[in-house]
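The structure appears right after this line, and notes come after that.
Keep in mind that this is a model prediction, so the values were computed, not measured.
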Amino acid sequence: MSFPLLTATAVVPAVGAIATAALPAAKRTAAKWLALLFSLITFALALVVAFRFDPGAGAPFQLTESHAWIQDFGVRYELGVDGIAVALIALTTLLIPFIILAGWHDADPLEEATPNRRWRPTQGFFALILAVEAMVVLSFEATDVFLFYIFFEAMLIPMYFLIGGFGDRAGRDGAEEAAGRRSYAAVKFLLYNLAGGLIMLAAVIGLYAVTADQLGTGTFSLQQIVEARTAGTLNIGTGTERLLFLGFFFAFAVKAPLWPLHTWLPGAMGESTSPVAVLITAVVDKVGTFAMLRFCLQLFPEASSWATPVILVLALISIVYGALLAVAQRDIKRLIAYASISHFGFIILGIFAMTSQGQGGATLYMVNHGISTAALMLVAGFLISRRGSRLIADYGGVQKVAPVLAGTFLIGGLATLSLPGLAPFVSEFLVLVGTFTRYPVIGIIATLGIVLAALYVLVLYQRTMTGPVKAEVTNMPDLRVRELVVVAPLIALLLFLGVYPKPLTDLVNPAVQHTLSVVDKKDPKPTVQVNAVPGEGRHGHAANDQDVEAAK
């Protein structure tokens, strides 16, 4: 039996979570280093997965593992990865060590037990982060629908405690009010996502019933269902398929988040510590958009095409609405949260444009958004921890006293607005091109999000970093060594993938082509007018084979 590499990639952070949580209360420093060690081992395993994966192999899933689990209900422990999953596993395992380093002191007990402060268990904080990592990785690897559902829902529990129990220390008022805001944000996050999950559970059961009725034995295997549909042995009725699709899509749209199911995100990110906010938007939320590609499109191709016009409109609203609200924000972290809603609109737009450029761009956008948002939010967190305020109006002139902090903040912001030369530009360009080739009006309107992004990013930088130095930031220290270790690799990645995205595109494009073939969609062919006079080629001569090839 070959080494279960995919299982190991998820088990290592789970074991790390248990080991970290089990350390005595006095071993706070040991807990931090242990959590960091396990996160680095997980990243090393993810790199092995990436190097062993062959994009040109032709199989839809590689490094597969399949074992019987609950045989009476057709549930199997099935894992496998395509290029999209490999890219997102690499993103997740890359960001977790930086999240741990950035939150190195976020759960330290405060020296003075004043009424407006609470003690925070360090071991629990880092154990919960590793637990989330394990569940997210398994969600990307699962090819059994029921197995995916279990971890899709289970990750909500550690996230609930990270939001509600380890909130941002830069509160605007006392402990009671801050605790109330954190509790409200955590409960809203949990209720929204649980509601989506319960609706999805009904759809999962319905899918099993359909397969049991038509195949004789119920199954949750994605590959088996797709193969049966392709062979014609499984024919889901149009009405049934659309209902099942809506059940799955609703859960994924909540997680993504897509307008109007987005309202939990600004509160959750605003009341979390900055590392946890990165965990939410750069890691956990990617499961929603990934699942749209893997499950919605492949399980329900007809329903996906049927719902596309409405989903594109919702994505377009998310792009413009999120950007407009980002412009109006006075809170730094909530501004980044609304910007993320706009970016997720671009991702969903690319997925349902049903073109290779759109879906390839959407996948790149998931990775690049994760890196750029992590860079911007973590630097913002370092800034907020120094001043003790999330309000934009409380800053000014920071670049004169902390130039490295201001410079990294600027690069993160420029990446957020998709400046050419930085990684998000490539993905956003592909999404817009892929959308325009099939839906030109929607593609044109979506470009408004680019204009608004430039507005909210540059205004944020101007108000916080330029102008006269405010008295409260006069003695603000610049980035420390640990903080530079967090930010520098992310900026380097933004620059590298901005000028050379080929490693990512080569990885994800075969998986995108497979998804489009399952949905039975092909890229629209551009219409090219060879000449102005019918029957004549270039320069007025008769059309020949060279003209035809040029037109193609």
Side-chain angles (χ1 to χ4, degrees), residues 55 82-92 140 248-249 252-253 255-259 281-283 285-298 301 304-305 307-309 311-319 322 339-373 415-416 418 423-439 442-443 446-447 449-450 453 497 501 503-519 521-524:
D82 57 8
I84 299 170
V86 171
L88 292 176
I89 290 170
L91 170 70
T92 300
F140 291 140
F248 277 75
F249 181 79
F252 303 152
K255 183 85 77 180
L258 178 68
W259 183 92
T281 190
V283 176
D285 287 354
K286 298 299 187 299
V287 178
T289 48
F290 163 80
M292 292 178 188
L293 275 168
R294 171 166 285 188
F295 295 106
C296 282
L297 269 59
Q298 298 193 43
S304 298
S305 299
T308 289
I311 295 172
L312 291 178
V313 171
L314 295 178
L316 192 60
I317 294 173
S318 290
I319 292 170
S340 290
I341 293 170
S342 181
H343 296 149
F344 275 103
F346 276 108
I347 294 171
I348 297 171
L349 187 71
I351 291 172
F352 283 89
M354 301 293 184
T355 60
S356 59
Q357 299 99 327
Q359 291 189 358
T363 304
L364 294 183
Y365 215 132
M366 291 186 224
V367 177
N368 295 333
H369 170 264
I371 299 171
S372 62
T373 298
T416 298
S418 300
F425 169 77
V426 179
S427 44
E428 193 165 283
F429 178 78
L430 286 173
V431 166
L432 290 173
V433 168
T435 303
F436 184 82
T437 57
R438 197 180 292 275
Y439 304 100
I442 290 178
T447 57
I450 302 175
L497 293 176
L504 270 181
T505 57
D506 289 347
L507 182 65
V508 305
N509 281 344
V512 167
Q513 293 297 338
H514 171 74
T515 302
L516 287 174
S517 68
V518 172
V519 188
K521 292 286 186 180
K522 297 180 180 179
D523 289 336

Minimum heavy-atom distance between [X] and [Y], given as atom pair plus value:
{"X": "A256", "Y": "M292", "answer": "CB-CE, 4.2 Å"}
{"X": "A446", "Y": "L349", "answer": "CB-CD2, 3.8 Å"}
{"X": "E428", "Y": "S418", "answer": "OE1-OG, 3.1 Å"}
{"X": "L258", "Y": "S318", "answer": "CD1-OG, 3.4 Å"}
{"X": "A415", "Y": "P424", "answer": "O-CG, 3.2 Å"}
{"X": "H369", "Y": "S340", "answer": "NE2-OG, 3.4 Å"}

For [X] and [Y], indicate whether the former's side chain and the latter's backbone hold a donor-acceptor pair under 3.5 Å.
{"X": "K286", "Y": "T281", "result": "yes"}
{"X": "S372", "Y": "T416", "result": "no"}
{"X": "S304", "Y": "C296", "result": "yes"}

Starting at [atom1] of [X], measure out to [atom2] of [Y] and round the result to the nearest 0.5 Å.
{"X": "T435", "Y": "L312", "atom1": "OG1", "atom2": "CG", "value": "7.0 Å"}
{"X": "I351", "Y": "T289", "atom1": "CD1", "atom2": "OG1", "value": "5.5 Å"}
{"X": "F346", "Y": "I319", "atom1": "CZ", "atom2": "CD1", "value": "4.5 Å"}
{"X": "Q298", "Y": "T515", "atom1": "CD", "atom2": "OG1", "value": "4.5 Å"}
{"X": "L91", "Y": "M366", "atom1": "CG", "atom2": "CE", "value": "10.5 Å"}
{"X": "S356", "Y": "Q513", "atom1": "OG", "atom2": "CD", "value": "5.0 Å"}

TODO: Taking atom types as modelled, find out whether T437 and T355 have a side-chain donor-acceptor pair closer than 3.5 angstrom.
DONE: no

Task: Aromatic plane relationship, H343 with Y365 - under 30° parallel, 30 to 60° tilted, over 60° perpendicular - done: tilted

TODO: Please work out whether the ring planes of F252 and F295 are parallel, tilted or perpendicular, with thresholds of 30° and 60°.
DONE: tilted

Open item on the list: Between I84 and R294, is the side chain to side chain contact (heavy atoms under 4.5 Å, CB included) condition met? List the steps.
Closed with: CA-CA 9 Å; I84 299 170; R294 171 166 285 188; over 6 Å; no

Open item on the list: Can you tell me which residue among N509, V426, N368, T363 is in a side chain to side chain contact (heavy atoms under 4.5 Å, CB included) with L504?
Closed with: N368

Task: L364: which of I347, V431, L497, T505 passes side chain to side chain contact (heavy atoms under 4.5 Å, CB included) - done: T505

Task: More than 12 heavy atoms from other groups under 6.0 Å of CZ on F436 - done: no

Task: Check against side chain to side chain contact (heavy atoms under 4.5 Å, CB included), V508 and V367 - done: CA-CA 11 Å; V508 305; V367 177; over 6 Å; no

